[in-house]
Protein chains: 2
Amino acid sequence: MSDVARLAGVSKMTVSNVINNRPGVSDQVRHRVLEAIRQSGYRVNVSARTLKSGRTGVIGLAVPEIDRPYFGQLAAHVIDQARQRGFHVAIEQTGAAAAGEIDAIAHSRTLHFDGLILSAVELDRTEDQRLPDADYPIVMLGEQDFGGRFDHVAMPNEEGTKAATAHLIDRGCRRIAIITGNSLDGVNVVTRRYRGYLAALTERGLDADPALLFTLDAMTLDEGRAAAHRLADSGREVDGVVAVTDTVAQGVLRGLADRGLRVPDDIRLVGFDDIPESKFMVPSLSTVAPDHRWMAAKAVELVTRRVRAPLRQPGEYTAPFELLLRESTR
Amino acid sequence: MSDVARLAGVSKMTVSNVINNRPGVSDQVRHRVLEAIRQSGYRVNVSARTLKSGRTGVIGLAVPEIDRPYFGQLAAHVIDQARQRGFHVAIEQTGAAAAGEIDAIAHSRTLHFDGLILSAVELDRTEDQRLPDADYPIVMLGEQDFGGRFDHVAMPNEEGTKAATAHLIDRGCRRIAIITGNSLDGVNVVTRRYRGYLAALTERGLDADPALLFTLDAMTLDEGRAAAHRLADSGREVDGVVAVTDTVAQGVLRGLADRGLRVPDDIRLVGFDDIPESKFMVPSLSTVAPDHRWMAAKAVELVTRRVRAPLRQPGEYTAPFELLLRESTR
DNA sequence: TTGTAAGCGTTATCAA
DNA sequence: TTGATAACGCTTACAA
């Protein structure tokens, strides 16, 4: 910067003013400075600016694993939205563990990210004492409930699963299984989707059979497949399956194929998320499609707003959704 | 830091020495300082450290789109490897456009990333004049050829596709189509994989029929599906298909299903990449599986090494691979 | 409209 | 073994 100033015959301050488009610089001087910048190949040092301003221009995004389609899609949208507001995104993987999620928060502060979007799947309000003070801009994205302590962008978990289950019933299914996570105690995604499932059954006068609840240790392709094997091998009569996510549904689809069960002929299947692959599966997957772009946009809007106004009252926002009817429930 | 120093009754410099585990601090003083740090809740300011050292501890990773399974997987591995070496990763999406790839380089320098891993799919050696000086640590990952100007971690494109095609021939296929990108002129992934396909045909004494080459505008699910439709509607007799990537193969699988063609009964299909979904597709997909973890580890090793020694001679490295035989070629 | 001085929080250097 | 000083590159506050 000093070099540029010398080249243009002005002070560093004037160079700074030109760079930041501040008013009060004569056109002539502005021109000389811009020319000097061009000649010298000068580029601002972001670290210095950061040190002075206390802002890094970086938002952290913490997800369980970036290579799960849902989180990849989420990241893509968040990166796009952040860029539009002049922020960069650093990605942290929590490994779907509470410790990883706590680490992500600590890390985010240490590295002076301006804010953090945390897609928590383990952490919840019961871990109160491990959560940070509310003075750091954190937006919770997805599922867990923190009792209004943070801004929260939620999925339409209950409504979505209810609509999906009702759709199976409309198609004539009467023995509907649900394949979901094993953490049915807390207030989390698993519980909420389960409640949506129960609500639909009740509303249509069907009984919920506890034997038709199959639980997973993780929301993965492998676990979904294994659950489908258990379902098929249990000998229970089942004509419909609600899977907790599309990724799990993809595993289920594969697991049913392993056992010679055809979808939708023998069993109808519905998922949740509308990952990009869903419409290309064989058969294509009916699913609850929350508006991912909306969620990413909301989350980024909330963090960036909170960067400017840290002490606003946290808000709760639920994404709109659509039920997509495809071959798996035809 | 001043506060800590005052609390411990020492100078800032001593605090710095303690924080960085530098020798020459008495145990007694070290203890006092650590206690003062605990009490005050002090945390280093990374920006200041960055300003002083010129290093940000961040590596950029530029990929076409983070929500394609292959790149998600790649990112997951790169983030893990980088963390093990004390680096963070910021992800940039290039949109699979040459301009986006150039931007990523410029961006990476502006933000003072310590280095950049660029998964270029458009840029190549012909764009010489737009490429930066070699003084900035860039590692090219994947496909394009830059004539030895950058460190380059390559896929086993030719060998892998050759092995995949030979496998189809072994299974009895005689009319083997290839579905790939449309940039068959440069030295890129598409050309190399095409050469591998041709090599296998030649070696086994089969003629390459130009009518069996189907090209795509992008390596996406949608394009793969559309190509399968064109293939089925062409009326040409085809008993095997080599798809340029697993994602394209997934689209092809769907497209063939749309036309009532069964895999592997009517047509055998093989992909490239071994994305996590491949083994869960219906039918499961035979594919060329490059060692992704190896590639990520190599790339991170190369950037971080180049951060320390910017002027080393660039090297060329090709990942090992395995041919995975699954249902789609049974 | 332009310039000067001070300071953001570290660390390298050298002196004590 | 410890400390004083200057410097990294920028911007805020104020003076000219």
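Chain letters run A, B, ... following the sequence lines, proteins first and then strands; every chain starts at 1. Everything numeric in this text was worked out from a predicted model, so none of it was measured.
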Which residues share a side chain to side chain contact (heavy atoms under 4.5 Å, CB included) with [X], sequence neighbours left out:
X: A:T50; value: A:V46, A:T56, B:S47
X: A:A76; value: B:I66, B:D67, B:Q93
X: B:A96; value: B:P64, B:R68, B:V121
X: B:S16; value: B:M1, B:M13, B:N20, B:R22

Reading DNA chain D in the 5' to 3' direction, which nucleotide is the first one with an atom under 4.0 Å from a heavy atom of chain B, and which is the last? D:dT1 to D:dG9

Could you list the residues that satisfy side chain to side chain donor-acceptor pair (under 3.5 Å) with [X], not counting sequence neighbours?
X: A:N157; value: A:R193
X: A:R38; value: A:E35
X: A:S53; value: none

Please set out all donor-acceptor pairs under 3.5 angstrom arising from side-chain atoms of residues 25-34 of chain A, sequence neighbours excluded.
residue : atom : partner : partner atom : Å
A:S26   : OG   : A:V29   : N            : 3.3
A:R32   : NE   : A:A8    : O            : 2.9
A:R32   : NH2  : A:A8    : O            : 3.2

Distances under 3.5 Å only, N/O to N/O: pair up the protein atoms with those of nucleotides 2-4 of chain C.
residue : atom : partner : partner atom : Å
C:dT2   : OP1  : A:S26   : OG           : 2.9
C:dT2   : OP2  : A:S26   : N            : 2.8
C:dG3   : OP2  : A:S11   : N            : 2.9
C:dG3   : OP2  : A:S11   : OG           : 3.3
C:dG3   : OP2  : A:T14   : OG1          : 2.8

Give the residues of residues 49-59 of chain A touching DNA chain C, defined as any heavy atom closer than 4.0 Å, sorted by residue number. A:L51, A:K52

Scan for ring-ring contact (aromatic ring centres under 6.0 Å, His included) pairs involving residues 48-91 of chain B, sequence neighbours excluded, and state none if there are none. A:H107-B:H88, B:Y70-B:H292

Side-chain heavy-atom pair A:Y136, A:F113 within 4.5 angstrom cut-off: yes

Spacing of A:Q28 atom CD relative to C:dT1 atom P, expressed in whole Å: 12 Å

